[in-house]
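Order of the sequence lines sets the chain letters (A, B, ...), proteins ahead of strands, with each chain counted from 1. None of these values were measured; they are calculated from a predicted model.
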Number of protein chains: 2
Amino acid sequence: MPHRTHLTGEDVARKALEMIDELGLDGLSMRKLAAALGVAPMTIYSYFTDRDALLDGVAQLLYGEIEAPSGSQGGPRDTLIRIMMSVRGMLLRHPNAITLIASRPPRTLDALAFVEAGCRALRREGISARDTARAYRALAAYSLGTAMTEAGRYFTEHPATQLAAGPLSERTITRHLPNVAEIGPYLDQLDDAAEFEYGLDLTLDRFMTQPEASLDGP
Amino acid sequence: MPHRTHLTGEDVARKALEMIDELGLDGLSMRKLAAALGVAPMTIYSYFTDRDALLDGVAQLLYGEIEAPSGSQGGPRDTLIRIMMSVRGMLLRHPNAITLIASRPPRTLDALAFVEAGCRALRREGISARDTARAYRALAAYSLGTAMTEAGRYFTEHPATQLAAGPLSERTITRHLPNVAEIGPYLDQLDDAAEFEYGLDLTLDRFMTQPEASLDGP
DNA sequence: ACCTGAACACCGTTCAAGT
DNA sequence: ACCTGAACACCGTTCAAGT
């Protein structure tokens, strides 16, 4: 039988991503991945030293999906909004891979392209390197947390949202958690994308309209 | 041999949390957990239907660790800051359990106590139920994302921080990612707790000093 | 020298056999 | 009726045997 055409590490990672999207992180196994690629299980180890390295490869692939606009069209602010919306979009397209992203920062040139684009936009606004680092951290945390809670159905499956479903009776909730009960109807009725963009806007305001903002005293 | 004193589901979940803290999420197995408790592996299934249910129990336990101040001392704003700092503290104490939290909202009375305390503080400031829901979502996303990136060493192991270590040479980074290279020195020098509190402050400002802020047009 | 099948040391969970 | 040991169908990874 003829040998398979040579696979690249990226081919392997891409198939792994497909399986994660379809079967969940636990649904991906080295053996099933090998079978899907038509190779012996051990062959995968010639591309990645172990399962952990494979998962890192998948994460880098995902970062590569994020838009990295050159910034030639539209102002720096629009560029940043587009990047962060694209981060959220990528995570929502791959909800099963979110925990992968959470523990693996971008490492490759491709994976870092969106970070470079974002930092460049901030610097072009006259923001200092230090404040650019601060803004990058704040934006990354907010975008990651937003996508995580959305993909994890954190609010749509909230006990306050589905009073009937959970382990607590509606009576118990309204009695012991009156304020939680009160917000329930709103929790899953908000427009996710609009809320996210509103938060981004205000986060950008903090660095763009008052870049001299300091943590140190008055 | 005498039977073990009766275990409760909480005992089982608490031991599981211990093992997760020590060995990581993958290091916890039903069999090792049973051995640590001195029972047969199948006994655990009389407390939790499967591994997933056990992990949910661990998550609820973790939510219970978050402070839920009554608010009798200090203003609503201080109360909220204390709660969110406590959320971050809990997650940083249990970095191996963060992915558990990300996909499992609080469900039990104990686990929801901090949410109730937070919502009550917001409502006492005269913020509407709808805006309280918005603030809760924003604060949860920001706190979760912050703890996740910190515990995942997202910035301290950033290629821009450790120019030598990663797969990219320092030369490659400074040439192709000049703006990323520039922020590197700052990324891991920032004061994590101070940055978080600063972000919380501004998020609270958005809802407290202008509670009428709306997503709808002008 | 390279590749890989079989083997090893684990898993979560089912199920039937024991008390 | 309850509990659980053995069994089943998987794992990731090692390693030696094959080409």
Among [options], which nucleotide sits nearest the side chain of [X]?
X: B:Tyr45; options: D:dG5, D:dG12, C:dG12; result: C:dG12
X: B:Thr43; options: D:dT4, C:dT13, D:dG12; result: D:dT4
X: A:Met30; options: D:dA7, D:dG5, D:dT13; result: D:dT13
X: B:Met42; options: C:dG12, D:dT14, C:dT14; result: C:dT14

*Any side-chain N or O of B:Ser29 less than 4.0 Å from the OP1 or OP2 oxygen of C:dC10?*
no
_Is the phosphate of D:dC11 approached by A:Lys32 (side-chain N or O, under 4.0 Å from OP1 or OP2)?_
yes
*Using a 4.0 Å heavy-atom cut-off across all strands, classify A:Leu33 as base, sugar-phosphate, or nothing.*
nothing
*asked:* At 4.0 Å (heavy atoms only), tell me whether B:Ser46 reaches a base, stays on the sugar-phosphate, or touches nothing.
replied: nothing
*asked:* Quick one: does any side-chain atom of B:Arg137 pair with a main-chain N or O of A:Leu187 as donor and acceptor, under 3.5 Å?
replied: yes
_Pairwise P distance for D:dG18 and C:dC8, with rounding to whole Å_ = 16 Å
*Under a 3.5 Å limit for both distances, which nucleotide forms a Watson-Crick or G-U wobble pair with C:dA1, could you say?*
D:dT19
*So which nucleotide does D:dT14 pair with, by the Watson-Crick or G-U wobble rule with both distances under 3.5 Å?*
C:dA6
Between [N] ([atom2]) and [X] ([atom1]): distance, integer Å:
X: A:Leu54; N: D:dC11; atom1: CG; atom2: P; value: 14 Å
X: B:Leu37; N: D:dT4; atom1: CG; atom2: P; value: 13 Å
X: B:Ile44; N: D:dT4; atom1: CD1; atom2: P; value: 11 Å
X: A:Leu28; N: D:dC10; atom1: CG; atom2: C1'; value: 14 Å
X: B:Asp50; N: C:dC11; atom1: CG; atom2: C1'; value: 15 Å
X: A:Arg31; N: C:dA7; atom1: CZ; atom2: C1'; value: 10 Å

Judged by modelled atom types alone, do [X] and [Y] share a side-chain donor-acceptor pair under 3.5 Å?
X: B:Glu65; Y: B:His94; value: yes
X: B:Ser143; Y: B:Thr146; value: no
X: A:Ser169; Y: A:Thr172; value: yes

*Relative to each other, are the rings of A:Phe114 and A:Tyr63 parallel, tilted or perpendicular (30° and 60° limits)?*
parallel
